[in-house]
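Notes to accompany the following structure.
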There are 2 protein chains.
Amino acid sequence: MNQKAFQDYYPPELNQCYGCGQLNEHGHKLRSYWDGEESVAYFRPLPFHTAIPGFVYGGLLASLIDCHGTGTAAAAAYRVEGREMDTLPPHRFVTASLKADFLRPTPLNIELELRGRVKEMKGRKVVVEVTILARGEICVRGEVVAVEIPESMARNVGTEVQHRSSDR
Amino acid sequence: MNQKAFQDYYPPELNQCYGCGQLNEHGHKLRSYWDGEESVAYFRPLPFHTAIPGFVYGGLLASLIDCHGTGTAAAAAYRVEGREMDTLPPHRFVTASLKADFLRPTPLNIELELRGRVKEMKGRKVVVEVTILARGEICVRGEVVAVEIPESMARNVGTEVQHRSSDR
């Protein structure tokens, strides 16, 4: 897709996540988009992202659910305010709670599809349902309770980024 | 620790998991042990396992809970039968359901402690509670519903291992 992903709008200091930060060179760089009322992302696990040979490691699947969930939460927060994701103030969510039900083994070596749907929005909280499909079949059903990044965490970011930079 | 970890007893074809397989050269190689009635594991995230800078990525924390949970389930299955983990038939569990509540941000750059406790054992199912602590403080509270590896998955393993080997 050529359109910008939700994650492309994260401010640089909040775009370092191993799962979806576009600036984390070691990470998965998940990219999520709107598709009507649902959000969608595609991801092809690497051959070593294995659980039992031939199947995808559950921790990776949980990670994708997590990041697609928080991304969808942020996008939904802008959308409900009727403004674009490049307008201020920025919305950025972290995960309060994550759940994943592994309905069937997820096959390795194919592209997976993630679909997100906002289930609830209330105050600083957004609940997002995320499913992971392989060849059109639902393999994992997840739910993310996302909360807008707390002040205490946001306050630390500047310091920590400085600290990380000075380590290099 | 010099003692063998639960994961050291996994048969080679089931010891490939990205989170805890001792034969996955790209993975986390989590190692879990008994500590009385609880199980324990230690893990130091890498600097790029970040969420918001300075804090650990939730997907990694969920992964550690997952693997420590299934490892504890396997160890408990042997223990309840009064036999060692190197005796046959082998027990190996996969995750049916995973939950993680992120109680507070988990600081990066320190060793984390995972503690597991068997909550329920019934037939092929073992429910394990896992907490993740940083500097003695609980940051994440998780629960894994682990089930003994289904026949259908076990049957595939041989084929998939062969397939993977022939790819090299």
Side-chain angles (χ1 to χ4, degrees), chain A residues 13-14 16-21 24-28 45-67 70 92 94-105 108-109 142 144-145 149-150 152-154 156-164 167, chain B residues 13-14 16-21 24-28 45-67 70 92 94-105 108-109 142 144-145 149-150 152-154 156-164 167:
Chain A
E13 67 278 15
L14 299 179
Q16 313 279 343
C17 173
Y18 186 78
C20 61
N24 188 325
E25 65 192 54
H26 301 278
H28 303 316
L46 295 169
F48 52 77
H49 285 142
T50 181
I52 305 297
F55 301 104
V56 181
Y57 161 58
L60 174 67
L61 299 167
S63 302
L64 299 175
I65 289 170
D66 187 358
C67 287
T70 51
R92 183 75 165 86
V94 290
T95 308
S97 181
L98 169 68
K99 191 175 190 310
D101 289 319
F102 301 94
L103 307 181
R104 53 174 57 82
L108 201 60
N109 297 323
V144 174
V145 179
I149 182 172
S152 59
M153 248 173 134
N156 274 328
V157 167
T159 327
E160 292 291 344
V161 168
Q162 266 186 334
H163 175 70
R164 283 160 50 92
D167 279 352
Chain B
E13 66 277 17
L14 299 178
Q16 312 281 342
C17 173
Y18 186 77
C20 61
N24 188 323
E25 64 190 54
H26 301 279
H28 303 316
L46 295 169
F48 52 78
H49 286 141
T50 182
I52 305 297
F55 301 104
V56 182
Y57 161 59
L60 174 67
L61 299 168
S63 303
L64 298 176
I65 289 171
D66 187 358
C67 287
T70 51
R92 183 74 164 87
V94 291
T95 307
S97 181
L98 170 68
K99 192 175 190 311
D101 290 318
F102 300 94
L103 307 181
R104 53 175 57 82
L108 201 60
N109 297 324
V144 174
V145 179
I149 183 172
S152 59
M153 247 173 134
N156 274 328
V157 167
T159 327
E160 292 291 343
V161 169
Q162 267 188 333
H163 175 71
R164 283 160 49 92
D167 279 353

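So that the names make sense, note that chain A is the first sequence line, chain B the second, and so on, each numbered from 1.
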Inset, instruction - Sort out for me which of A/V56, A/L64, A/T95 touches chain B most, counting heavy-atom pairs under 4.5 Å. - result: A/T95
Legend entry - Closest approach of A/A62 to B/L98 (non-hydrogen atoms, all atoms of both residues): CB-CD2, 3.9 Å
Legend entry - B/Q16 versus A/P53, closest heavy-atom pair with distance: CG-CG, 3.7 Å
Legend entry - Shortest non-hydrogen contact between A/S63 and B/Y57, atoms and distance: CB-OH, 2.7 Å
Inset, instruction - Kindly assign one of parallel, tilted or perpendicular to the pair B/Y18 and A/H49, based on the angle between their ring planes and the thresholds 30° and 60°. - result: perpendicular
Legend entry - Spacing of CD1 belonging to A/I52 relative to CZ belonging to B/R92, to within rounding of 0.5 Å: 4.5 Å
Inset, instruction - Identify which part of A/D101 has an atom lying under 4.5 Å from any heavy atom of chain B, answering side chain, backbone, both or neither. - result: both
Inset, instruction - Under 4.5 Å, counting heavy-atom pairs only, tell me which of B/G27, B/G59, B/A100 racks up the most with chain A. - result: B/A100
Legend entry - Top contributor to chain A contacts, counting heavy-atom pairs under 4.5 Å, from B/E25, B/H26, B/K99, B/H28: B/H26
Inset, instruction - Let me know if B/C67 has heavy atoms under 4.5 Å from chain A in its side chain, its backbone, both or neither. - result: side chain
Inset, instruction - Give a yes or no on whether the backbone of A/T50 and the side-chain of B/N24 come within a donor-acceptor separation of less than 3.5 Å. - result: no
Inset, instruction - Give the member of B/G142, B/G21, B/A96 that has the highest number of heavy-atom pairs under 4.5 Å with chain A. - result: B/A96
